[in-house]
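Note: hydrogens, waters and symmetry copies are ignored here, and every other heavy atom, side chains too, is used.
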Amino acid sequence: MDAWETIDEHIVQQRIILAVRAIREAERCGIPQALDLYHERYAHLRRTRANDFTVPEERYWDGVYT
């Protein structure tokens, strides 16, 4: 499994911190860029793999403060 496959699974399973950490490692970037990449990838995955998500979109960000 490559880095982005792992990141995608973290995103789909709502493991936000692990996904951001993995993006920073894979892209060698800081937190702001990693968060931007996260949001872009999240939107892509919601369009292409909506049924794989464990929580509905309305609740995905509950408890997350950035």
Side-chain angles (χ1 to χ4, degrees):
M1 186 176 289
D2 76 5
W4 279 97
E5 288 174 322
T6 300
I7 292 164
D8 288 352
E9 286 310 307
H10 287 323
I11 293 171
V12 167
Q13 296 299 320
Q14 197 184 13
R15 296 186 296 246
I16 297 166
I17 300 299
L18 292 176
V20 171
R21 188 179 299 155
I23 291 169
R24 289 189 68 208
E25 248 178 59
E27 298 297 314
R28 301 194 186 286
C29 64
I31 292 172
Q33 185 181 3
L35 288 172
D36 289 344
L37 290 169
Y38 187 103
H39 288 288
E40 289 173 18
R41 192 65 180 181
Y42 169 83
H44 168 76
L45 292 171
R46 274 290 178 186
R47 285 190 309 274
T48 61
R49 294 180 52 186
N51 292 333
D52 293 340
F53 279 80
T54 58
V55 296
E57 189 165 11
E58 309 81 46
R59 291 191 25 232
Y60 187 87
W61 300 103
D62 287 357
V64 177
Y65 303 97
T66 57

Engineer: Going by the rule side chain to side chain contact (heavy atoms under 4.5 Å, CB included), which residues pair with D52 if we only count those two or more places apart in sequence or in a different chain?
Structural biologist: V12, R49
Engineer: Atom CD of Q14 and atom CG of D62: how far apart are they, to the nearest 0.5 Å?
Structural biologist: 7.5 Å
Engineer: Once you round to the nearest 0.5 Å, how far does OG1 of T54 lie from CZ of R59?
Structural biologist: 9.0 Å
Engineer: For the CD1 atom of I7 and the CZ atom of R21, what is their distance to the nearest 0.5 Å?
Structural biologist: 12.5 Å
Engineer: Between Q33 and E27, does a side-chain contact (heavy atoms from CB on, under 4.5 Å) hold up when you go through it step by step?
Structural biologist: CA-CA 9 Å; Q33 185 181 3; E27 298 297 314; 5.6 Å; no
Engineer: How many angstroms lie between NE2 in H10 and OH in Y38, if you round to the nearest 0.5 Å?
Structural biologist: 10.0 Å
Engineer: Out of curiosity, L35 CG to Y42 OH, how far, rounded to the nearest 0.5 Å?
Structural biologist: 14.5 Å
Engineer: Which residues pass the side chain to side chain contact (heavy atoms under 4.5 Å, CB included) test with E5, sequence neighbours left out?
Structural biologist: M1, D2
Engineer: Just jot down the side chain to side chain contact (heavy atoms under 4.5 Å, CB included) partners of A34, sequence neighbours excluded, or say none.
Structural biologist: V20, I23, R24, C29
Engineer: If you apply the rule side-chain contact (heavy atoms from CB on, under 4.5 Å), what do you find for Y60 with I11, and how did you get there?
Structural biologist: CA-CA 10 Å; Y60 187 87; I11 293 171; 3.7 Å; yes
Engineer: Compare every heavy atom of R46 with every heavy atom of P56, then report the nearest pair and how far apart it is.
Structural biologist: C-NH2, 3.5 Å
